[in-house]
Structures are given as C-alpha cells and as structure tokens.
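Presented below is the structure to which this report refers.
A, B, ... follow the sequence lines: proteins, then strands. Residue 1 opens every chain.
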2 protein chains.
Amino acid sequence: MPASVPLPPLAYPDRDEITVEAVLRALADPVRLAMVRQLANSETEISCSGFEVPVTKSTLTHHLATLRQAGVIVGRQEGTTRYNSLRRNDLDVLFPGLLDGVLAAPR
Amino acid sequence: MPASVPLPPLAYPDRDEITVEAVLRALADPVRLAMVRQLANSETEISCSGFEVPVTKSTLTHHLATLRQAGVIVGRQEGTTRYNSLRRNDLDVLFPGLLDGVLAAPR
DNA sequence: CGGATAGTTCGATGAACGTCGTAGTTCGAT
DNA sequence: ATCGAACTACGACGTTCATCGAACTATCCG
C-alpha cells in the first residue's frame, strides 16, 4: 500500500500557462460567475461549503475544479477545509480590465 | 408568393439587453475569439467571407449569429454582402475593460 | 475508537454546442 | 433570364458539459 498523501496537492497553472480562452469558458457559466462574484465581494476567503449556489456538493466541486484549472482561483488547505480566493493579481497582469469589466456588469 | 423582403432584418439586442454571460460565452470559443480579434485589428469592416478561420461557411454563419445575438457585433447590409464590426462602444460602456483585457491577452 | 464534517471521485444522464453538407434565398452582373 | 457569389436555414451527428446520487477519503473532536 502506498504511503497516503496528505490530500492531493491540487495542481494550479502557472501565470504564464493561463489562457484567456480557458478563463472565458470558466466565467461563462452562471453558477461559476456567481461564485466569482461572491469571492470578489467577500472580505475573506470562501470555503467550498461557503458558496451560496443552487447546486449539490459534487457539482460544486466540479465548478471549483474548472475555475482552479483555468487559473481563476487558488485554494489554501487547512484541515479538511479548503479556502478559496481569486487570483486577482495574476488575472489583472495577464488581462488588464477583464475581471473588473466582468464584475462591473449590470447584468 | 409573399412579397420578398430585402433580406431578413436580423435582430440585434439593445445595449441594455446585453448580458455579460452571453458575451463571455460568445468569446469563449477559439473560432469566435479569432473572429473578434480580426475585427479588432482591422481598419475596415469584415464580410462573412473575409474572416480567416478554418471552418466551413455554414459554421461561420452560426458563429456570426452567436456573436450577433450576444451583442458583440453588428452587421451592415450592402447588396448580398454583410459587413460586420465590433460593438466596441456598447461593450465598453457595459463592461469597461472587458474587451480590452481580452484583446490584450498574450495567449 | 466512533462519529461528524469537508471535499473528492465515479458513473450516468440529459442538454447544449460545434461541425458539416445540402438546399434555399437574395442580389448583382452578364 | 440565367448564372454566380454571398449568405442563411435546416437537419444530422458526435462531443463536450452541467448535473446528480452514491460511495469514498481525510480530518477533527469527543
């Protein structure tokens, strides 16, 4: 039996691996867009169960993975909880104005 | 036989009907993103057959319809040709920075 | 240890999407 | 009136995607 790993490390793309297309795809879903908005409007990080979205836990995990792989969010592990936050700086450097433009959307 | 209409009027959303989600969905496709980039980098408008994308004509029409319905482009009819251009001003007003951020993307 | 909590993984399913070919329409030119 | 060019509309096909429930792992607390 292999030595158990303290939870899968969870790979994040480097800044220069982030593509605008993946980011756009990630943002182009109502649930994920709501999650990004909640992250942007929150003073603190948000845990998986802290998002207010009308989907089950497994679906939520899927959306988090999509955002993570696209380079939109990062997660900080703490015990069984993973605290998520926006990669604001990386996104602003790569696509200046994109995130702010999306968040400024009236609808 | 019904009186022939000078080509279907082709409905475009008003500015206040444009949603950020539809715009993001429209931009989140490699072919459509290439089309938007070509429009942004072109001095002139681009006709349907003027786009350099690796798809057939019918697929191209489909992508143009998607961009049109999302409010990303407008078309000016002239004879059998429709000249397309970006709705830069509308998008900038609604989502300031979004389009520029996308176009600034290194990849 | 046992139980509770936080997330993940694994099919399965149904909807949406990109793609194409063909056929059809409008318009300009011959 | 006929032809070709520019584009649209329709139907089909395969893929991707969002969603769920159930089973599983990891961590923390009595």
Side-chain angles (χ1 to χ4, degrees), chain A residues 1-12 19 21-36 44-70 72-85, chain B residues 1-12 19 21-36 44-70 72-85:
Chain A
M1 191 188 297
S4 74
V5 183
L7 269 184
L10 236 17
Y12 297 93
T19 68
E21 197 191 311
V23 171
L24 290 171
R25 287 191 90 77
L27 297 179
D29 177 90
V31 174
R32 290 193 292 264
L33 191 53
M35 293 166 68
V36 169
T44 68
E45 300 163 301
I46 299 181
S47 69
C48 181
S49 56
F51 288 102
E52 295 180 4
V53 288
V55 293
T56 64
K57 265 193 307 178
S58 59
T59 302
L60 191 56
T61 296
H62 163 69
H63 285 310
L64 283 170
T66 300
L67 290 170
R68 197 174 60 230
Q69 287 158 12
V72 178
I73 64 173
V74 280
R76 177 177 60 85
Q77 191 78 31
E78 192 167 302
T80 60
T81 304
R82 194 189 317 271
Y83 292 100
N84 303 283
S85 55
Chain B
M1 191 187 299
S4 74
V5 183
L7 268 185
L10 236 17
Y12 297 93
T19 68
E21 197 190 309
V23 171
L24 289 172
R25 288 190 87 79
L27 297 179
D29 177 89
V31 173
R32 290 193 293 263
L33 191 53
M35 292 166 69
V36 168
T44 68
E45 298 162 302
I46 300 181
S47 70
C48 181
S49 56
F51 289 99
E52 295 180 4
V53 286
V55 293
T56 64
K57 264 193 305 181
S58 59
T59 301
L60 191 56
T61 297
H62 163 70
H63 284 310
L64 283 170
T66 300
L67 289 170
R68 197 173 61 231
Q69 288 159 11
V72 178
I73 63 173
V74 279
R76 178 178 59 84
Q77 192 78 32
E78 192 167 301
T80 60
T81 304
R82 191 186 324 265
Y83 292 99
N84 304 283
S85 55

Open item on the list: Using a 4.0 Å heavy-atom cut-off, does A/His63 contact any base of the nucleic acid, only the sugar-phosphate backbone, or nothing at all?
Closed with: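 Contact class for A/His63: sugar-phosphate only.
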
TODO: Scan A/Thr81 against the nucleic acid and name what it touches under 4.0 Å (heavy atoms): base, sugar-phosphate only, or nothing.
DONE: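 The answer is sugar-phosphate, as A/Thr81 gets under 4.0 Å only of primed atoms, P, OP1 or OP2.
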
Task: side-chain N/O B/Thr61 vs D/dC7 OP1/OP2, d < 4.0 Å - done: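 Result: no.
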
TODO: Check whether any side-chain N or O of B/Arg82 sits under 4.0 Å from OP1 or OP2 of C/dT26, and answer yes or no.
DONE: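 The answer is no; no side-chain N or O of B/Arg82 sits under 4.0 Å from OP1 or OP2.
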
Task: Partner residues of A/Glu52 under the salt bridge (Lys or Arg N to Asp or Glu O under 4.0 Å) criterion, sequence neighbours left out - done: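 A/Glu52 satisfies salt bridge (Lys or Arg N to Asp or Glu O under 4.0 Å) with no other residue.
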
Open item on the list: Which residues pass the salt bridge (Lys or Arg N to Asp or Glu O under 4.0 Å) test with B/Glu45, not counting sequence neighbours?
Closed with: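 For B/Glu45, the residues satisfying salt bridge (Lys or Arg N to Asp or Glu O under 4.0 Å) (neighbours in sequence not counted) are B/Arg76.
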
- [ ] Kindly indicate whether the side chain of A/Leu64, heavy atoms from C-beta on, has any atom under 4.5 Å from the side chain of A/Met35.
- [x]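 SC-SC contact between A/Leu64 and A/Met35 confirmed.
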
- [ ] Mind running side-chain contact (heavy atoms from CB on, under 4.5 Å) on A/Asn84 and A/Arg82 for me, showing each step along the way?
- [x] CA-CA 6 Å; A/Asn84 303 283; A/Arg82 194 189 317 271; 4.1 Å; yes

Task: All stems with DNA chain C, defined as three or more consecutive Watson-Crick or G-U pairs under 3.5 Å - done: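 DNA chain C stems, ordered by first number: C:1-30 with D:1-30.
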
- [ ] Answer yes or no: side-chain N or O of B/Ser58 and base N or O of C/dG21 forming a donor-acceptor pair under 3.5 Å.
- [x]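 Per atom types, the contact qualifies.
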
Starting at atom [atom1] of [X], determine the distance to atom [atom2] of [N], rounded to an integer number of angstrom.
X: B/Leu67; N: C/dG18; atom1: CG; atom2: P; answer: 10 Å
X: B/Leu24; N: C/dA16; atom1: CG; atom2: C1'; answer: 17 Å
X: B/Arg32; N: C/dT19; atom1: CZ; atom2: P; answer: 8 Å
X: B/Asp29; N: C/dC17; atom1: CG; atom2: C1'; answer: 9 Å
X: B/Glu21; N: C/dC17; atom1: CD; atom2: P; answer: 10 Å
X: B/Glu78; N: C/dG28; atom1: CD; atom2: C1'; answer: 12 Å
X: B/His62; N: C/dA16; atom1: NE2; atom2: P; answer: 14 Å
X: A/Gln77; N: D/dT27; atom1: CD; atom2: C1'; answer: 10 Å

Task: Pair B/Leu10-B/Arg68, side-chain contact (heavy atoms from CB on, under 4.5 Å): steps then yes or no - done: CA-CA 9 Å; B/Leu10 236 17; B/Arg68 197 173 61 231; 3.3 Å; yes

Open item on the list: Can you tell me which nucleotide in D/dT8, C/dT19, D/dC20 comes closest to the side chain of B/Val31?
Closed with: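 Per side-chain heavy atoms of B/Val31, the pick is C/dT19.
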
Open item on the list: Can you work out whether A/Thr59 or A/Arg25 has the more 5'-proximal nearest nucleotide on DNA chain D?
Closed with: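 Whichever sits nearer the 5' end wins; that is A/Arg25.
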
Atom pairs, N/O to N/O, protein against nucleotides 3-5 of chain D, distance under 3.5 Å?
none

TODO: To the nearest 0.5 Å, tell me how far A/Leu24 CG sits from A/Glu21 CD.
DONE: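 A/Leu24 CG to A/Glu21 CD: 8.0 Å, rounded to 0.5 Å.
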
Open item on the list: Donor-acceptor pair, distance only, cut-off 3.5 Å: does the side chain of B/Tyr83 make one with the backbone of B/Cys48?
Closed with: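 No; zero donor-acceptor contacts below 3.5 Å.
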
Task: Exam field: side chain A/Thr81 to backbone A/Gln77, donor-acceptor pair closer than 3.5 Å - done: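 Pair absent, no side-chain N/O of A/Thr81 close to backbone of A/Gln77.
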
- [ ] Please say which of B/Val31, B/Leu67, B/Asp29 ends up in a side chain to side chain contact (heavy atoms under 4.5 Å, CB included) with B/Val36.
- [x]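 The single option meeting the side chain to side chain contact (heavy atoms under 4.5 Å, CB included) with B/Val36 is B/Leu67.
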
Task: Contacts of type side chain to side chain contact (heavy atoms under 4.5 Å, CB included), residue A/Thr59, not counting sequence neighbours - done: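 Here the qualifying residues are A/Val55, A/Thr56, A/His63.
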
Task: Verdict with supporting geometry, B/Val74 and B/Ser85, side-chain contact (heavy atoms from CB on, under 4.5 Å) - done: CA-CA 6 Å; B/Val74 279; B/Ser85 55; 3.5 Å; yes

- [ ] Check the pair B/Arg32, B/Leu27 against side-chain contact (heavy atoms from CB on, under 4.5 Å), reporting the backbone distance first and the verdict last.
- [x] CA-CA 6 Å; B/Arg32 290 193 293 263; B/Leu27 297 179; over 6 Å; no

- [ ] For DNA chain D, find the residues of residues 46-57 of chain B with a heavy-atom distance under 4.0 Å and give them by number; none if there aren't any.
- [x]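 Here the set is B/Ser47, B/Cys48, B/Ser49, B/Lys57.
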
